[in-house]
Amino acid sequence: MAEAADFQGMSPSPARRWLRRTGALLAGAPLLAGLLQLPTAAPSHATAQDSLKAAGSDTVAVAVDSLTPAVPGEDDTLTVSGTVTNKGKQAVTDAQVDLRVGPPLNRRSDIDTVAKRTDYQEGLDGTPVGGKYVKEFSKLTPGVTQRFSISVPVDKLDLGGDGIYQFAVSLSGETSAQPWDHVLGIQRTFLPWQPDEADTKTRTTVLWPLVSTAHMTAQTGSNESQTPVFHDDDLAKEIAPGGRLQQLVSLGKELDVTWVIDPDLLASVDAMTENYRIQGEGDTTTAGTHQAVANQWLAELQEAVQDKEVVALPFGDPDLASLAHNGTNVSGSLSHLKEATDVATDTVDSILHVKPTTEFAWPVNGAVDPSIVKVATSAGADKVIARSDSLVETGGLPYTPSAARPIGGGTTAVVADARLSTLFEGNLTRASSSTLAVQRFLAQSLALNLQADKQRSIVIAPQRMPTASQARTMAEAVTALQGSTWSESQELTAAATAKPDAGATTKVPAASRYPSSLRKQELPRSAFEQIASTQDKLDHFKVILTNQSRVVTPFGRAMNREMSASWRGRSAEAADYRNSVEAYIDSLAGQVTLIDKSETKLSGRSAMIPVTVQNNLVQGVEHLVLRLTSTSPRRLEIGGEAFYEQPVAVSGGHSQTVKFTTSAQANGQAEVIAQLYTEDGQPYGTPVRFDVKVTEFTATVMLVIGGGFLLLVLAGFRMYTQRKRAAAREAGANGSQGAGEDDGDTENPEGPEDRLTPEDLLKEESGTGTRADAGEQPSDPTPDTAAESADPSGTGERVDR
């Protein structure tokens, strides 16, 4: 970035400048006289000595764990604490820790250069303060760490005009290999110095992000309250005391910052305040137990954001760059971004009771190109938070311009300062690393303010998910900055609407300039295709539901999470999450199904075929039709056609049997297909195929059956008349015997050929008689089947007629 070559306002007061120059001349006079008397070989000796000093300047590790106050005033006492560790193999004797003040730095890039140096360099690292402001050690044993603490009044540092001074802590001593006093270790940092209020202060906006990874699944309980299911319990660790998110809230409430919040995080913690479940092995879940922690965190956050600016990201914090580069050609992807933006305001408002702004889009690391800007603004945002290492200054301005840049189409790029925004990355768990980051941050901020008398609006956008140690370092730096004399706080909306600098860059870099390291972490096109597939399945499923919101809402939010920027660098976990969401919609849709049927036997010309629909969901289904189709309509018709449909509505946890009227046109076997359809004609679920065996009665069979029935009637009538005659003869015989038993004869008026013996009666009743009028009819054909066959049907089933 182009920046000022020199700071304005760097000159000390005239009196102080005269004292410094006089002191320098008096101190330099003996040195000049000595130099005039030096032999010609002295310069080479001095160079060799400097080389030896530089070569051994990393023998001892010097760590500055604390520097207070970070921004000293004229009447303050500066206290520097830390450790020295002998990393060499030889003991260090006559060791001494010194504080060194170097010359002021004129440019922001000079600060970067000094921060990268590791070895001691004579003339560049300043002179020791000396006097009593040292810490002495008689001996430093190899591998042993010693602590030090030195306090020095600021007026003893002999600081000049406002500026950024090199400040170093060094250790000098001797070793057996180098038995002379020389610097064996040094740690550099910076001392921002502006004791008086600046005439023009930088308006500084600090973004304070509350973003996490996806924790909730699409799964919910079958109860009335739809108990949410989390795929892990890691969120409880983040919001518990000492956790990352708890630290961010606790520290942020004391700062004047703009909160940037992912509504998904709020929704997830809010779900934890009541009953929730944690996924276990297989399909098992366990009860969550961190309701108290969730309530406490939300209460603290609600208090922290009162009267503060809150920016709501789209729900789930979608990865705008991934969407722009790999998702725009996949149908429905942009609509997910719009839905995520629309739900953000209500989520934040209902949980935090503050009205957020949703007019800002924040691509990962503030890296932009035209496609990212287009996607970012497609959901309604008209301001894009970029970063100065992406929207690089090319106009040659001698200072860092204000954040707001009009980039066309009514869109404003709010360009965060890259140097200030990236200083809190990396491992800051050690106190020394944290202290150096704080001092470097303050140095860069003051250097920026000293570039020009023009007031500017600067934005600081740190990483999305800082660790707890990074959050503590950020809070320490922001606290010092907000108590400084050169900066004042400003909200993000004010920074975005500030008057832009006329010479600031407004051209969005081409797609080819997008960092390859970031592009490698993007969600692939296949991810958006899978999300689209899941959405199609959801759309197909929801139309049959009586209460769509029970399914649409949790799945909609889950698909927002599938597009989250938090999946960067975690491609395997992202794929697992997408697979689990899609598998769950498949399992729900599969709860509405047709019960399999075995072979069906159809006797007669027509019958009713039953088909059963099973609904294992907890809610009812409707807007379905059941279609029964005959693959052989010339043999079997359904409803007089090749197929017939009937509407279906089944309450939750029940089944319904639908009966179809069928008619046989010919004997034989016909395949029938049962298939559910939605009302718009889309197939639903897997079809059920079964065979129908048709055994139709012919006219000849009906005649044979009718003739047989007539013969049975006639035979019965003959038996009745014969029995009546036999009874009459028996009565007459009894009378004749009483009147004339002297004759000795018995009459049989019917004759012996007309008498039926008991054996004959039995034969006629059983159908095995041999009489001509009741005998077999060998010419009659046998029927295809009985009206109701008593034979076992095996795996087949009978139908209603």
Side-chain angles (χ1 to χ4, degrees), residues 205 207 209 211 258 260-264 310-330 332-345 348 356-392 403-416 418 421 459 461-464 492-493 495-497 500 505-515 518-519 521-523 525 527-528 531 559-568:
T205 302
L207 305 188
V211 179
T258 292
V260 182
I261 302 177
D262 177 6
D264 178 35
V310 176
V311 173
L313 299 173
F315 193 99
D317 187 20
D319 191 336
L320 301 176
S322 295
L323 184 56
H325 296 155
N326 303 317
T328 52
N329 291 328
V330 178
S333 296
L334 290 178
S335 64
H336 287 295
L337 177 60
K338 182 65 167 62
E339 293 167 1
T341 302
D342 292 342
V343 76
T345 299
V348 175
T357 176
T358 58
E359 60 188 18
F360 291 92
W362 189 15
V364 172
N365 288 6
V368 295
D369 63 26
S371 65
I372 295 174
V373 172
K374 183 177 180 180
V375 165
T377 57
S378 65
D382 59 0
K383 300 175 182 63
V384 180
I385 302 173
R387 209 166 69 183
S388 61
D389 54 353
S390 177
L391 205 66
V392 179
R405 320 283 174 82
I407 56 176
T411 303
T412 300
V414 183
V415 184
S421 299
V459 173
Q463 61 272 30
R464 264 175 160 73
L492 181 61
T493 301
T497 55
T505 297
T506 59
K507 183 178 180 181
V508 177
S512 59
R513 298 284 302 277
Y514 189 80
L518 292 179
R519 194 178 290 273
Q521 295 179 340
E522 292 177 350
L523 294 170
R525 178 185 173 90
F528 294 98
I531 295 171
M559 283 184 282
N560 292 148
R561 298 183 188 105
E562 290 179 348
M563 299 168 60
S564 175
S566 67
W567 296 119
R568 283 182 174 252

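For the single chain, residues carry numbers from 1 onward in sequence order.
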Nearest non-hydrogen partners of Thr205 and Thr258, listed with the distance
CG2-OG1, 4.0 Å
Check whether any side-chain heavy atom of Val310 sits under 4.5 Å from a side-chain heavy atom of Val348, and report yes or no.
yes
Take Leu334 and Lys338, measure what side-chain contact (heavy atoms from CB on, under 4.5 Å) needs, and give me the verdict at the end.
CA-CA 6 Å; Leu334 290 178; Lys338 182 65 167 62; over 6 Å; no
Please tell me if the side chains of Pro314 and Leu337 come closer than 4.5 Å, counting only heavy atoms from C-beta onward.
yes
Going from NZ on Lys383 to OG1 on Thr412, what distance comes out if it is rounded to the nearest 0.5 angstrom?
6.0 Å
Taken in chain and number order and not counting sequence neighbours, the residues that satisfy salt bridge (charged side-chain N to carboxylate O under 4.0 Å, His left out) with Arg525 are Glu529
Step-by-step side-chain contact (heavy atoms from CB on, under 4.5 Å) determination, Thr505 to Val392:
CA-CA 7 Å; Thr505 297; Val392 179; over 6 Å; no
Nearest 0.5 angstrom please: Asp369 CG to Ser390 OG, how far?
8.0 Å
Which distance, rounded to the nearest 0.5 Å, do you find between the CG of Leu320 and the CE of Met563?
8.5 Å
Ignoring hydrogens and geometry, is there a side-chain-to-backbone donor-acceptor pair from Ser564 to Arg561 under 3.5 Å?
no
Please find the pair of heavy atoms, one from Ala418 and one from Arg387, that lie closest to each other, and give the distance.
CA-CG, 3.9 Å
Distance-minimising heavy-atom pair for Gln521 and Arg568
O-CG, 3.5 Å
Side-chain contact, heavy-atom cut-off 4.5 Å: Leu207 with Ile385?
yes
May I ask you to decide if Ala416's main-chain N or O and Ser421's side chain share a donor-acceptor pair within less than 3.5 Å?
no
With rounding to the nearest 0.5 Å, note down the distance linking CG in Asn365 to CD in Gln463.
9.0 Å
At their closest point, which heavy atom of Trp362 faces which heavy atom of Pro462, and how far apart are they?
CZ2-O, 3.4 Å
Rounded distance [0.5 Å steps], CD1 in Ile372 versus OG1 in Thr377:
11.5 Å
Is the number of heavy atoms from other residues, nucleotides or ligands within 6.0 Å of CZ (Arg513) greater than 12?
no
Would Ser371 and Thr328 satisfy side-chain contact (heavy atoms from CB on, under 4.5 Å), going step by step from the backbone distance to the final call?
CA-CA 9 Å; Ser371 65; Thr328 52; over 6 Å; no
What distance separates Glu522 CD from His325 NE2, expressed to the nearest 0.5 Å?
5.5 Å
Result of checking Val415, Thr411, Val508 against Val384 for side chain to side chain contact (heavy atoms under 4.5 Å, CB included):
Thr411
Okay, side chain of Asn326, backbone of Leu523: is any donor-acceptor separation there less than 3.5 Å?
yes
Show your reasoning for whether side-chain contact (heavy atoms from CB on, under 4.5 Å) applies to Glu359 and Thr493.
CA-CA 9 Å; Glu359 60 188 18; Thr493 301; 4.0 Å; yes
Considering all heavy atoms, the nearest Val343-Phe315 contact:
CG1-CB, 3.5 Å
Only counting residues at least two apart or in another chain, list the ones meeting ring-ring contact (aromatic ring centres under 6.0 Å, His included) with Trp567.
Tyr577
Closest heavy-atom contact between Arg464 and Pro363?
NH1-O, 3.6 Å
